[in-house]
Amino acid sequence: MEMKTIDSYDFNNQRALIRVDFNVPQDKTTGEVKDDTRIRAAIPTIKKILNDGGSAILMSHMGRPKGGPEEKYSLKKVVARTSELLGGEVKFVSDCIGTEAEAAAKSLKSGEVLLLENLRFHPEEEKGDENFARKLASLGDVYVNDAFGTAHRAHASTTIVAKFFPTEKKMFGYLMASEVTSAEKVLNNYEKPFTAIIGGAKVSDKILILEKLLDKADNIIIGGGMAYTFFKAMGGNIGNSLCEEDRLDTARELLEKAQQKKVNVLLPADSKIGESFSNETKVGECPSNQITSGAMGLDIGPRAIEDFRKVILQSKTILWNGPMGVFEFSNFQEGTKAIAEAVAAATQHGAYSLIGGGDSVSAINKFKLADKVSYVSTGGGAMLEYFEGKELPGVAAIGMG
Ligand code: AMP
């Protein structure tokens, strides 16, 4: 599979219209950028274009404005940080379309960078409006999509805009390319044994990915709050643990299908339990299907850790989405931490490991193991949809070559 990336393009004297994901977390009161990971992730693409002698027009969304300009969602706040990371000036215009944006784009010289105001100040962005997309397209000579985090949305700037560029003038940036390559590696070019580790709160959020994995994985490890719906479905006692009563049949069906397809499903043999959803609650341990009323499972227990670790260490491909317990509480973080360490160890022994999805990404960062796994995805929702087997409109709009 060939991907059309910026590597094979010479941007000399070209104005590149780049869709980046600068939707960074901000301090609620000061508006300051709290975490610049997403800005950092776009820098290599911008630098390549500038080094070629091109100029860059950056466009992004930020937050969820209600359909018009709102100061707290202004991208003005990321100008300083972007300029610091690039080591040069970043110009800014207060509307992403219109005469000011057109004039600024036109007068942009080689090596210069222009950031457009929040795309979502126009409701046409999320509607995927053609007219709006055409106006955006008119600002650049070439279109580059480097926003994997929004690739699952058919918005004007992520998808529709690509229509207005000929095939040779639209391509993926480096971040987008590495996200897609790593997802493809796990989805379609995987080495066996392939183990998927799925955790988090709800079965309902993960059904589609679990269904898809039944056709690929050798082992599916299920942890986190969602495991208790499975135990309940099998007739176990789960006390006050998380449970989706309306998903008991789904859980049962998934287990049956796994058996038919000879996929090894591992549930946590034991759990760490508490009496309330709090770090201060008294901590106990018991088999996951024998939790008494008044108690709830908040992490996987030591036997489960051992079972899971063994399987992880024997794997050649690992996908991890969702924590094993309430890792935000220090008394219930052990399971998630141990699994993160096992994934890191397997990677050291030659396995390919991909961590995708918001909370497992924060977990791997919390335990400082992000550089010990093969790839940490920046696009939670987009990665999940990719694994559910859906075509991402932002990827399809450029094509895989
Ligand atoms: P998700 O967004 O579905 O991946 O879920 C992540 C959230 O699930 C995290 O905030 C965890 O604290 C929570 N979680 C994990 N295990 C449990 C559990 N046993 N009980 C309640 N919440 C859990």
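Order of listing sets the numbers, starting from 1, for every ligand and every atom in it. These values consider heavy atoms only, across backbone and side chains, with no hydrogens, waters or symmetry-generated copies.
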When you measure from [atom] to every protein heavy atom, which one gives the shortest distance, and what is it?
atom                    : value
atom 2 (O) of ligand 1  : D359 OD2, 3.4 Å
atom 21 (C) of ligand 1 : L242 CD1, 3.6 Å
atom 22 (N) of ligand 1 : V326 CG2, 3.6 Å

Q. Which of the listed options, K206, E328, K202, holds the heavy atom that is closest to atom 10 (O) of ligand 1?
A.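 It is E328 whose heavy atom sits nearest to atom 10 (O) of ligand 1.
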Sub-4.0 Å atoms of ligand 1 with respect to non-hydrogen atoms of [X]:
X    : answer
G297 : 18 (C), 19 (N), 20 (N)
G224 : 16 (N), 19 (N)
Y228 : 19 (N)

Q.
I'd like to know whether ligand 1 has F329 as a neighbour, heavy-atom separation below 4.0 Å.
A.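 No, F329 has no heavy atoms under 4.0 Å from ligand 1.
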Q. Is the closest heavy atom of F332 to ligand 1 under 4.0 Å?
A.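 Heavy atoms of F332 never come under 4.0 Å of ligand 1.
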Q.
Are any of the N/O atoms on G225, whether in the backbone or the side chain, positioned under 3.5 angstrom from an N/O atom of ligand 1?
A.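 Between G225 and ligand 1 (N or O atoms, distance only) the closest approach is under 3.5 Å.
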(Q) What I want to know is whether A201 and ligand 1 share at least one N or O pair that is separated by under 3.5 angstrom. (A)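 Yes, there is a polar N/O contact under 3.5 Å.
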Q. Charged N to carboxylate O below 4.0 Å: is that the case for D249 and R252?
A.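 A salt bridge is present here (some side-chain N lies under 4.0 Å from a carboxylate O).
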Q: Using a strict cut-off of less than 4.0 Å between a Lys/Arg side-chain nitrogen and an Asp/Glu carboxylate oxygen, indicate whether E244 and K206 qualify as a salt bridge.
A: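 No, this pair does not count.
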Q. What closest approach, in Å, do A16 and V144 show between heavy atoms, and which atom pair accounts for it?
A.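 Heavy-atom minimum between the residues: CB-CG2, 4.5 Å.
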Q: Taking T281 for its side chain and S276 for its backbone only, find out whether a donor-acceptor pair lies under 3.5 Å.
A: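 Yes.
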(Q) Please confirm whether the ring centroid of F329 lies under 6.0 Å from the ring centroid of F277. (A)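 Yes, ring centres under 6.0 Å apart.
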Q | side chain to side chain contact (heavy atoms under 4.5 Å, CB included) evaluation trace for F387 with V186 | A | CA-CA 9 Å; F387 279 105; V186 171; 3.7 Å; yes
(Q) Can you see whether T347 engages S374 through a side-chain donor-acceptor pair at a distance of less than 3.5 angstrom? (A)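 No, S374 and T347 have no side-chain donor paired with an acceptor closer than 3.5 Å.
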Q) Does the side chain of D146 come within less than 4.5 Å of I46's, by heavy atoms? A)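 In short, these two side chains do not touch, never coming nearer than 4.5 Å.
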